[in-house]
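Just so you know, these numbers use all the heavy atoms, side chains as well, and skip hydrogens, waters and symmetry mates. The chains referred to below are lettered A, B, ... by the order of the sequence lines, with proteins before strands, and numbering in each begins at 1.
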Amino acid sequence: MEKGLVSVDRWTEGSQAYFLTHLHSDHTQGLSSTWSRAPIFCSRITAKLFPFKFPDFNLSLLRVVDVGFWYSLSLVFPSSASRTTVEFMPIHAHHCPGAVMFLFRGDFGWMLYTGDFRWEANSERAQLGRTTLLNALKGHRLDVLHLDNTYCNPSYDFPPRSVAAQQVVDIIVSHPEHDIIIGIDTLGKEELLLRISRLLKTKIWVWPERLQTMHLLGFHHIFTTKTTLTRIRAVPRYSFSIDTLEELNKKCPTIGIMPSGVPWLMKPSDGADNLFGSLLTSHYKKRQGSTSGRLQNGKFKDNIKPVDGRHRYIYSVPYSDHSCYAELQEFIELVQPISMKGIVSSSCCYVDPVYYFGRLCGGSKPLERLSDKQEKEDGSERVVAPEMKSCLVSAKSTNTDRKRKTGKGGSTGIHALRRVRRGAKIIQNDFSADSLES
DNA sequence: GCGATCAGCT
DNA sequence: CACAGCTGATCGC
């Protein structure tokens, strides 16, 4: 697509329409409360959470779009000044709440920007996403795929989140007398916590700001800020350290669970000195090509252990909101892009997806999807609404009625965890969970 | 004093 | 190795 038309998760000058896939900070760099450049298209949930991250943002600039619908924009080619129509459809990304991919079509062809996404082919909701995508493509292949290449390396091999979630539950169940702390971020991993709560019939502690987020997401009665109500606490990942755990263990037996854990394959026998420090380099080298820790009978057996003998309190569980290598491959085979580019390029270890998956690209081969026939037999086309929603860039604002509440941060009574309360901004725009509904 | 940006840490 | 995000220092206004 020509430059100057649309930007996805990029906030520099020069585009006519801006798209936000989800609210993680690395996708909002350059976006701030003072934004006034142009409207921003995002999912309903992202719009709902938006004021929480950007308190004084002019919400009339947000355009809520729904998954599975086509939308139409009238834009101007910067080069020729001629008008063109760009159509786009949001598609579930199954990354964090509100996360979507954006599929574009226009004079430039077909383009998909995945944002961050997880493609667990076997889960029911992933089937839904798959059907939505295939129906939207209608047999066309992608001219350009912008892919979440976070784990674009064959060594990144981890199970579906349902399996990892069960591992977390197993760890908790096997420590009936322990307090449990789970490291999470400001958004994401909600389903893991819900599952724990449901299976173990317990509430889960979160810090006050996170409770507000949970309420915005519609999770009531499951989370609490009262430590006395539960032995399971979800804490900010940045407050989660070996020191924290050792401190906590002076008062009460406590284990920590890291559900994001990059070192999924770290084994106790490796004898690392610490989780995050310099020795991780040697870990990384050791595990290249290693098969230990791999899936065995549906379980990553090596991971049901503390990651390190010396820090027996910490468990690393391979729960990831990004697609693993095998899932990326499956996704690329499904959409058969003619060209492809990674969206994660900031790190020094950027892996061009073409390096591993280039053989799956190219325009020579005619499009033939094994799945086409199956899709038709499914009769699952109902997922995609045939009608077109129109929304011109310059048009009206969204009807995001503000409903101000007298917002309190939640209860206090916090404990030894470092810095949990520090940096807690007073949120002035406290949207009720329902204010953006319908 | 404020926001934006960056380095550092986990 | 690096995710995603917080903290704190610094710079420009």
Side-chain angles (χ1 to χ4, degrees), chain A residues 9 11-13 21-37 49 52-57 95-97 99 115-118 148-158 164 181-189 207 209-210 213 234-247 256 258-267 270 272-290 293 307-308 311 314 316-325 342-351 417-425:
Chain A
D9 294 347
W11 311 101
T12 49
E13 236 176 310
T21 61
H22 66 291
L23 270 178
H24 279 157
S25 295
D26 52 335
H27 292 255
T28 58
Q29 290 299 313
L31 187 55
S32 74
S33 293
T34 60
W35 172 267
S36 60
R37 220 160 253 160
L49 297 170
F52 197 79
K53 193 172 178 83
F54 302 108
D56 297 320
F57 192 90
H95 172 66
C96 69
D116 289 349
F117 82 118
R118 179 97 202 235
D148 173 12
N149 56 319
T150 304
Y151 294 133
C152 187
N153 184 304
S155 67
Y156 292 126
D157 178 16
F158 41 78
I181 65 170
I182 302 171
I184 61 167
D185 293 315
T186 51
L187 190 63
K189 310 285 192 299
W207 63 101
E209 292 75 19
R210 198 59 157 97
T213 302
V235 304
R237 199 168 43 156
Y238 69 89
S239 76
F240 186 114
S241 70
I242 290 162
D243 287 348
T244 311
L245 269 164
E246 288 184 342
E247 205 57 38
M258 284 297 273
S260 64
V262 170
W264 318 281
L265 301 181
M266 189 182 284
K267 301 190 296 288
D270 281 352
D273 281 313
N274 64 63
L275 265 180
F276 307 105
S278 56
L279 282 180
L280 286 174
T281 305
S282 56
H283 270 294
Y284 185 75
K285 283 174 185 155
K286 272 183 206 168
R287 73 169 184 252
Q288 298 296 308
S290 158
V307 290
D308 183 327
H311 297 289
I314 297 184
S316 174
V317 177
Y319 188 103
S320 170
D321 285 327
H322 295 272
S323 300
C324 67
Y325 183 79
I343 63 169
V344 182
S345 57
S346 56
S347 80
C348 55
C349 293
Y350 167 79
V351 176
L417 285 166
R418 288 180 304 151
R419 282 183 286 167
V420 166
R421 283 195 297 181
R422 276 214 271 154
K425 260 191 175 172

Original post:
Just wondering, do A:Trp35 and A:Phe54 contact through their side chains at under 4.5 Å, heavy atoms?
Top reply: no
Original post:
Over how many whole Å does the gap from A:Lys189 atom NZ to C:dA4 atom C1' extend?
Top reply: 9 Å
Subject >> N or O in side chain of A:Thr150 less than 4.0 angstrom from C:dC3 OP1/OP2 >> reply: no
Subject >> Sequence-distant partners of A:Asp321, salt bridge (Lys or Arg N to Asp or Glu O under 4.0 Å), two or more places apart >> reply: A:Arg161, A:Lys189
Original post:
Does A:Ser25 put a side-chain nitrogen or oxygen below 4.0 Å from OP1 or OP2 of C:dG5?
Top reply: yes
**OP:** Whole angstrom is fine here: how far is it from OH in A:Tyr238 over to C1' in C:dG5?
**Re:** 9 Å
Subject >> Donor-acceptor pair under 3.5 Å, A:Arg237 side chain vs C:dC6 base >> reply: no
Original post:
With sequence neighbours excluded, what pairs up with A:His27 under the ring-ring contact (aromatic ring centres under 6.0 Å, His included) test?
Top reply: A:His22
Pairs: protein N or O with nucleotides 4-6 of chain B N or O, under 3.5 Å:
unit_1 : atom_1 : unit_2  : atom_2 : d
B:dA4  : OP1    : A:Ser32 : OG     : 2.8
B:dA4  : OP1    : A:Thr34 : OG1    : 3.0

**OP:** Answer yes or no: is there a donor N or O on one side and an acceptor on the other, between the side chain of A:Asn153 and the main chain of A:Tyr325, under 3.5 Å?
**Re:** no
Subject >> For A:Arg210, all residues meeting salt bridge (Lys or Arg N to Asp or Glu O under 4.0 Å), sequence neighbours excluded >> reply: A:Glu190
Original post:
Could you give the CZ-to-P distance, from A:Phe240 to B:dC9, as a whole number of Å?
Top reply: 20 Å
Original post:
Which residues pass the side-chain hydrogen bond (donor to acceptor under 3.5 Å, both in side chains) test with A:Ser323, sequence neighbours left out?
Top reply: none
**OP:** May I have the distance from A:Ile343 (atom CD1) to C:dC3 (atom C1'), rounded to whole angstrom?
**Re:** 13 Å
**OP:** Could you tell me which residues satisfy side-chain hydrogen bond (donor to acceptor under 3.5 Å, both in side chains) with A:Thr150, sequence neighbours excluded, listed by chain and number?
**Re:** A:Asp148, A:His322
Original post:
A:Tyr319 has an atom OH; how far is it from atom C1' of C:dC3, in whole Å?
Top reply: 15 Å
Original post:
Does the side chain of A:His24 get closer than 4.0 angstrom to OP1 or OP2 of C:dC3 through an N or O atom?
Top reply: no
Original post:
Taking CG from A:Asp243 and P from B:dC9, how many angstroms apart are they, rounded to a whole number?
Top reply: 14 Å
Subject >> Nearest-Å distance for atom pair CG/P, residues A:Leu23 and C:dC6 >> reply: 12 Å
Subject >> Nearest-angstrom distance from the residue atom CG of A:Asp185 to C1' of C:dG5 >> reply: 6 Å
Original post:
Contact class for A:Asp116 vs. all strands (heavy atom < 4.0 Å): base, sugar-phosphate, or nothing?
Top reply: sugar-phosphate
